[in-house]
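Below is one structure; the comments refer to it alone.
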2 protein chains.
Amino acid sequence: MPTGDDRGGIARLFFSAQFRWCVGIMQKTVKLKDVAEAAGVSLSTASRALSGQASRYRISTETERLVLAAADRLSFRPSQVAQSFRSQQTRLLGVVLPDVSNPFFASIAREVTTHAEDNGYSVLLADSRESTEIEQKLILQLRAREIEGLVISPVGLKKEHLEKLHDEKMPVVLVDRGFPSSPLVTVTSAHREAAKQATDLLVANGHRHIGVLQGLPGTFPNDQRLAGIREALEEAGLSLSAGMVQGDQFSESSGYRATRRLIESQPELTALFALSNQIGLGALRAITELGKKVPDEISILTFDDHPYSEFLVCPMTTVKQNVKELGQLAAKLITEEMMTGKRTDRKIHQVPVRIIERASIRNLARSH
Amino acid sequence: MPTGDDRGGIARLFFSAQFRWCVGIMQKTVKLKDVAEAAGVSLSTASRALSGQASRYRISTETERLVLAAADRLSFRPSQVAQSFRSQQTRLLGVVLPDVSNPFFASIAREVTTHAEDNGYSVLLADSRESTEIEQKLILQLRAREIEGLVISPVGLKKEHLEKLHDEKMPVVLVDRGFPSSPLVTVTSAHREAAKQATDLLVANGHRHIGVLQGLPGTFPNDQRLAGIREALEEAGLSLSAGMVQGDQFSESSGYRATRRLIESQPELTALFALSNQIGLGALRAITELGKKVPDEISILTFDDHPYSEFLVCPMTTVKQNVKELGQLAAKLITEEMMTGKRTDRKIHQVPVRIIERASIRNLARSH
DNA sequence: TCTTTGTGCACAATCGATTGTGCAATGAGG
DNA sequence: CCTCATTGCACAATCGATTGTGCACAAAGA
């Protein structure tokens, strides 16, 4: 019974395990095979015509036209998955950030994403939520997806999983948080110099007792900034006592707690240096709660500029990282390495930083 | 000469076209075949043991153990590309936003990304740069990559390309910017009600001449907010003259220009309503430049709250969208639809909005 | 007329993992 | 001793696009 057989065939098509996903998505995607049949040629000819290899493989102009027309008519779009599978090239770039909602990282995401798009790469975004463990898991997933490159702002406490990628010849670019003496390509601000200059500014304004609201200790940016601060203080014949450094995360709540602790325990304190935008926000909240006036009762200086910085009760003096440049440079480096396959020779790329002087630092010398 | 032959073979391996990508990436990835060989079983047995199908296919416990051990020893990670190709399931979620660096969209990106990660999906991020044309191109690319769902904040002027996806049974969730009377699932704030309440507040404070700094006209949030404002004014026996609505984009520069235009052309103006965070920023800049004091000389109210809002020269009264909820709801809806394959019945999901009263609105009644 | 050169295209293998089916070997029942 | 069921695994097809190779046919030269 041919009818019975036919129905069996259709039933298998619809309900066999491998086609189950089809149910409810019943649009048939146009495959190369369909184009080839419509044009009356073989798969190989269709493929070559579509990939512009016509002349190289002696496809006649007439046949080429036929194929192109058929593809256009059927609005054929080759499956990237199949292409990736066959060519072993995914044109996929992984981007891992500790917190995409932080404007700093969001800007980096934007620059890298748009640059990648313009170069024919797609971006797989992942958020590590400031956890090294999640970061490692995410990287494993991204590797399974066969990304061709990775831009990452690592949590910054471990680097083995990253250097392993590097050893396996995966293009990797670190942004913001790097590691000292690592072979990994890193794009970062001149943290140390910036912190030194900023501290110089505080000192020049007569400040001798400066409280530092630090981020995650052990991370490169945090420790570099601390080093810059120490350097400036030492040059001025001062030093940074242990109690003057508080905080343990690049977060608002850490900044808040650290500020309260400093103000309440250090009576001589005249200035605060917050080592990130989020920390600065926490500091602002604490200062407001304690009823202190900026800059009359306490001066404040923060890392990372912000559009609102100049409109604050007391316009904030900030260390402005060039986030756009940071992101663009990272994007440029990773796409170049992915496209050429050649490694960059320079490992550390420092982009300069600008200090935006506004009104949150009081001049102690003048007022005496 | 066997040596010669051998070298020929190696040369082919290295330089034949399809292996060219290999040069410089020379690590051999562990394939299922390697595991099978190491365990001394066939490909199929290895596959079934690894996918937990052992009992279903009567693989002996001993054999299963052998395979698992071999896979572990070789640290085998199956190629997602090959799996996707075979299963026709990519477990890929597309996310398209007009500007990832805008904190509002960045927050949405974060919520969706983390939720997707937790459910085994990976996120393909794309930035449409507020251009419908780019948006369409990006969607085409994402489709070619066979995403299984799409979360998008569309530019909002065209919807055909989105409804086409919907017609083809692709799960799509719109965030923030929706379209009136569209079958597309949309997660959005209660723009109209929020704008009405906010305007009520202005009116209650005695304001009769309110300038509106609008975003992109024609987009759902913009027009809904305008409608809410009109409704409130009409209830109060007032109306919104054409000249009192300025601006043409959700950007800082548009807000800046619109503010200058309003202040310079409308002498009776007592309050400004900025329809987004970026617009509000532009307004602040213009007001500062013109030397006006908030709220004494001009009152201001903006859509979108911001961590810095309360620390501004004049703490800003804002309409706070619940961005986190917006993102989480979108994430939940899209993953549910992708995983169950069933469409949500509710099309419009409105999340409530809160008005945060601070100090940027002057009470005209009281001061007279 | 037979060979040679060149043109135009089709056939089949391949990428890595999954899965329906088939085939031995072993044991149980008649 | 023969049949039949059960266990344990291997073979081969498949997903969609790419690419090396080979085979016709036609024109040109001997």
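A quick note: this is a predicted structure, and the numbers were derived from the prediction, not measured. A note on names: the letters A, B, ... follow the listed sequences, proteins ahead of strands, and every chain is numbered from 1.
The distance between atom NZ of Lys33(A) and atom P of dT14(D), rounded to the nearest whole Å, is 10 Å. Distance, Glu62(A) CD to dG8(C) P: 12 Å, rounded to whole Å. Rounded to whole Å, the distance from CZ on Arg77(B) to P on dA17(C) is 12 Å. Residue Phe85(A) contributes atom CZ, which lies 15 Å from atom C1' of dT19(D) at whole-angstrom precision. To the nearest angstrom, P of dA12(D) lies 16 Å from CZ of Arg86(B). When rounded to the nearest whole Å, the span between CG of Leu50(A) and P of dG16(D) equals 16 Å.
In terms of polar N and O atoms assigned as donor or acceptor, the side chain of Arg48(B) comes within less than 3.5 Å of the base of dG20(C) in a complementary pairing. Judged by distance alone with a 3.5 Å cut-off, a donor-acceptor contact links the side chain of Ser44(B) to the base of dC11(D).
Counting any heavy atom pair closer than 4.0 Å across all strands shown, Leu32(A) reaches a base atom. Backbone-only contact: Thr63(B) has heavy atoms under 4.0 Å from sugar-phosphate atoms and none from a base. Within 4.0 Å of Val81(A), counting heavy atoms only, lies no atom of the nucleic acid at all. Residue-level contact check: Ser47(B) touches the bases, meaning some heavy atom is under 4.0 Å from a base atom.
Between Arg143(B) and Glu168(B) there is a salt bridge, since a side-chain N of the basic residue sits under 4.0 Å from a carboxylate O of the acidic one. By the 4.0 Å N-to-carboxylate-O rule, Asp99(A) lies close enough to Arg110(B) to be salt-bridged with it. Under the 4.0 Å criterion applied to side-chain N and carboxylate O atoms, Glu337(A) and Lys342(A) are not assigned as salt-bridge partners. A salt bridge links Arg177(B) with Glu130(B): at least one charged nitrogen is closer than 4.0 Å to a carboxylate oxygen. Residues Asp118(A) and Arg129(B) are paired through a salt bridge, judged by an N-O separation under 4.0 Å between the basic side chain and the carboxylate.
In this structure, Ser128(A) and Ile134(A) approach most closely via the heavy-atom pair O-CB, 3.6 Å.
OP1 and OP2 of dG8(C) both lie 4.0 Å or more from every side-chain N or O belonging to Ser60(A). Not one side-chain nitrogen or oxygen of Gln80(A) sits closer than 4.0 Å to the OP1 or OP2 atom of dA17(D). Considering only side-chain N and O atoms, Gln53(B) lies nowhere under 4.0 angstrom from the phosphate OP1 or OP2 of dT18(C). Close to dG20(C), at under 4.0 Å from its OP1 or OP2, lies a side-chain N or O of Tyr57(B).
The side chain of Leu43(A) lies closest to dT18(D) when the candidates are dT18(D), dG16(D), dC9(C). Distances were taken from every side-chain heavy atom of Ala82(B) (C-beta onward) to each of dG16(D), dG16(C), dA10(C); the shortest belongs to dG16(C). Considering only the side chain of Gln83(B), dT18(C) comes nearest among dT18(C), dT14(C), dA10(C). Of the candidate nucleotides dT19(C), dG8(C), dA17(D), dG8(C) has the atom nearest to the side chain of Arg58(A).
Comparing the local axis fitted to the first five base pairs of the helix from dT1(C)-dA30(D) to dG30(C)-dC1(D) with the one fitted to its last five gives a bend of 80°, rounded to 10°.
Contact check for His166(A) versus Arg343(A): side-chain heavy atoms found under the 4.5 Å cut-off.
Both Ile59(B) and Lys31(A) lie close to DNA chain D; mapped to their nearest nucleotides by heavy-atom distance, the more 5′-ward contact belongs to Ile59(B). Remark on DNA chain C: of its neighbouring residues Ser79(B) and Arg56(B), the 5'-side contact belongs to Ser79(B), judged by nearest-heavy-atom nucleotide.
For residues 34-45 of chain B, the side chain to side chain donor-acceptor pair (under 3.5 Å) pairs, not counting sequence neighbours, are Ser42(B)-Ser44(B), Ser42(B)-Thr45(B).
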